Q: 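Pasting a structure here, questions to come.
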2 protein chains.
Amino acid sequence: MKVSREQAELNRERVLDAAARLFRERGFPGLGVADLMKSAGLTHGACYGQFESKEDLMVQACQRGFEQTAEWMSGAGDRSPDPLKALISKYLSPAHRDAQGGGCIAAALVTEATREGPDVQHAFTEGVETLVDTLAEFVQNGSKRERRLQAMAVFASMMGALMLARAVDDETMSKDFLRAVKSELLES
Amino acid sequence: MKVSREQAELNRERVLDAAARLFRERGFPGLGVADLMKSAGLTHGACYGQFESKEDLMVQACQRGFEQTAEWMSGAGDRSPDPLKALISKYLSPAHRDAQGGGCIAAALVTEATREGPDVQHAFTEGVETLVDTLAEFVQNGSKRERRLQAMAVFASMMGALMLARAVDDETMSKDFLRAVKSELLES
DNA sequence: ATTATCTATAGATCTATAGATAATGC
DNA sequence: ATTATCTATAGATCTATAGATAATGC
């Protein structure tokens, strides 16, 4: 039953990765501790050896998810003459829309984060800050503050479009949301 | 215990109004049937005389909420020389941010709607369609399709900014999200 | 007689903990 | 000896239903 300290750490990592993915797919209240631990190949009792509470788990899963999203974002822009446009195209693609568990964690959990306690909300805030920083590096013109505000506007617009594209059950309308915001952002 | 048919209908309306408000505030899984009925002054057993299931209730609460939001939107634009700009300013105000229960239902429940069954998702889709129609009437230039795409882009951008402004626990950043998208939308 | 609502409860599910188990690490 | 994980379970909560109750509507 007991495993090596090294294996225990690997297990904890596996739980966190599963949590970061499954919370995005099902939301915070939609994923129970037992289900999550089972996905990582453990029983639910083991959760409380690794984490203080479900809230602690949500906080750490947010941090993990934002790290992944930030990496995904900077990766999308790299090796492109206009990294911001490259990222916008990737963010607003049907592929991203259909891969909620591996996509932008902000788009997957904004409203749910608002309904959780201050610790989750704070982890979420810090994550958003990181994403805005990442995006701001891709903005070409303007003062530092202008670039940051520009990044915030681009991020909010993309996120809104992605979420609406996911929420509607009409494929045409869904693609139109992606297209509409994409052409709006790529023009300016 | 029994009330008049007329009173029963009033009760049902009161339940629906409470549901439309409380689901926006707490999310679908966050509001239980017992709590909701108590808010309307009834016991939870009465719910199943008025609605088939919690899902049925969610569907009807969505319809009610979207009606209210559509009215709120067209009201915001009326009696203004540029109704679209008037609406954008109202939508992206701190007052709207702080009044989630009475504000845009799409911004309050997008992600949660995605996690519910097809009936809720369809009610949500129809509601979004109504809001886009309302917004499209305020767009001045372009063909019908261009005006509609423009309305979709404006809606997605506003919604994303409002949700991020609600999610972060830093007042400066929150206001910056509103400001950033507002100036972006009002310029063009 | 009909029926809107209430009371009581079934059955499922969820977070969290206590104590047992068995392999690690000294 | 320590401890990561498991088993079992407590206690709370949630949706839904059955049957009782009492006022309406004929």
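Numbers restart at 1 for each chain; the letters A, B, ... are given by sequence-line order, proteins then strands. These numbers were taken from a predicted model, which means no experiment stands behind them.
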Q: Can you tell whether the side chains of B:Arg148 and A:Asp176 come within less than 4.0 Å, N to carboxylate O?
A: no

Q: For the pair made of NZ in A:Lys38 and P in D:dT7, what is the distance, rounded to whole Å?
A: 12 Å

Q: Atom CG of A:Leu42 and atom C1' of C:dA23: how far apart are they, to the nearest Å?
A: 15 Å

Q: Quick one: does any side-chain atom of A:His96 pair with a main-chain N or O of A:Cys104 as donor and acceptor, under 3.5 Å?
A: yes

Q: With sequence neighbours left out, write down each residue that passes side-chain contact (heavy atoms from CB on, under 4.5 Å) with B:Gln68, or none if nothing qualifies.
A: B:Asp17, B:Ala20, B:Arg24, B:Arg64

Q: Got a donor-acceptor contact below 3.5 angstrom from the A:Thr134 side chain to the A:Ser74 backbone?
A: no

Q: Starting from C1' on D:dT15, measure out to CG on B:Asp56 and report it in whole angstrom.
A: 14 Å

Q: Give the dot-bracket line for DNA chain D from 5' end to 3' end: parentheses for intra-strand Watson-Crick or G-U pairs under 3.5 Å, square brackets for crossings, | for inter-strand pairing, dots for unpaired.
A: ||||||||||||||||||||||||..

Q: Short question: side chain of A:Arg166, backbone of A:Arg97 - any donor-acceptor pair under 3.5 Å?
A: yes

Q: Considering only NZ, NE, NH1 and NH2 on the basic side and carboxylate oxygens on the acidic side, decide whether A:Glu9 and A:Arg5 come within less than 4.0 Å.
A: no

Q: Under 3.5 Å between N/O atoms: give me all the protein pairs with nucleotides 8-11 of chain C, atom names plus distance.
A:
| from | atom 1 | to | atom 2 | distance (Å) |
| --- | --- | --- | --- | --- |
| C:dA8 | N6 | B:His44 | NE2 | 3.1 |

Q: B:Asn11 side chain N/O closer than 4.0 Å to the phosphate oxygens (OP1, OP2) of C:dT5?
A: yes

Q: Which pair of heavy atoms, one from A:Ala106 and one from A:Phe155, lies closest together, and at what distance?
A: CB-CZ, 3.7 Å

Q: Among residues 12-37 of chain B, which residues get a heavy atom nearer than 4.0 Å to DNA chain C?
A: none

Q: Determine whether a donor-acceptor pair (N or O, by modelled atom type, separation under 3.5 Å) exists between the side chain of A:Thr69 and the backbone of A:Phe66.
A: no

Q: Determine whether a donor-acceptor pair (N or O, by modelled atom type, separation under 3.5 Å) exists between the side chain of B:Arg115 and the backbone of A:Glu25.
A: yes

Q: Do the side chains of B:Glu116 and B:Lys54 get close enough for a salt bridge, i.e. N-O under 4.0 angstrom?
A: no

Q: Looking only at side-chain atoms of A:Lys54, point me to the closest of C:dT5, D:dT15, C:dT15.
A: C:dT15

Q: Kindly give the heavy-atom pair with the smallest separation between B:Thr111 and A:Ala107, and that separation in Å.
A: CG2-O, 3.4 Å

Q: B:Gln7 has an atom CD; how far is it from atom P of C:dA4, in whole Å?
A: 12 Å

Q: Which pair of non-hydrogen atoms, one from B:Val120 and one from B:Cys62, has the smallest distance, and what is that distance?
A: CG1-SG, 4.5 Å

Q: Looking at residues at least two apart in the chain, or sitting in another chain, which of them share a salt bridge (Lys or Arg N to Asp or Glu O under 4.0 Å) with B:Asp98?
A: none

Q: How many Å lie between CE on B:Met58 and P on D:dC14, as a whole number?
A: 14 Å

Q: Polar atom pairs between nucleotides 24-26 of chain C and protein, under 3.5 Å, N or O only, would you list them?
A:
| from | atom 1 | to | atom 2 | distance (Å) |
| --- | --- | --- | --- | --- |
| C:dT24 | O2 | A:Lys2 | NZ | 3.3 |
| C:dG25 | OP1 | A:Arg5 | N | 3.2 |

Q: Distance check needed: D:dA4 P versus A:Phe51 CZ, whole Å only.
A: 13 Å

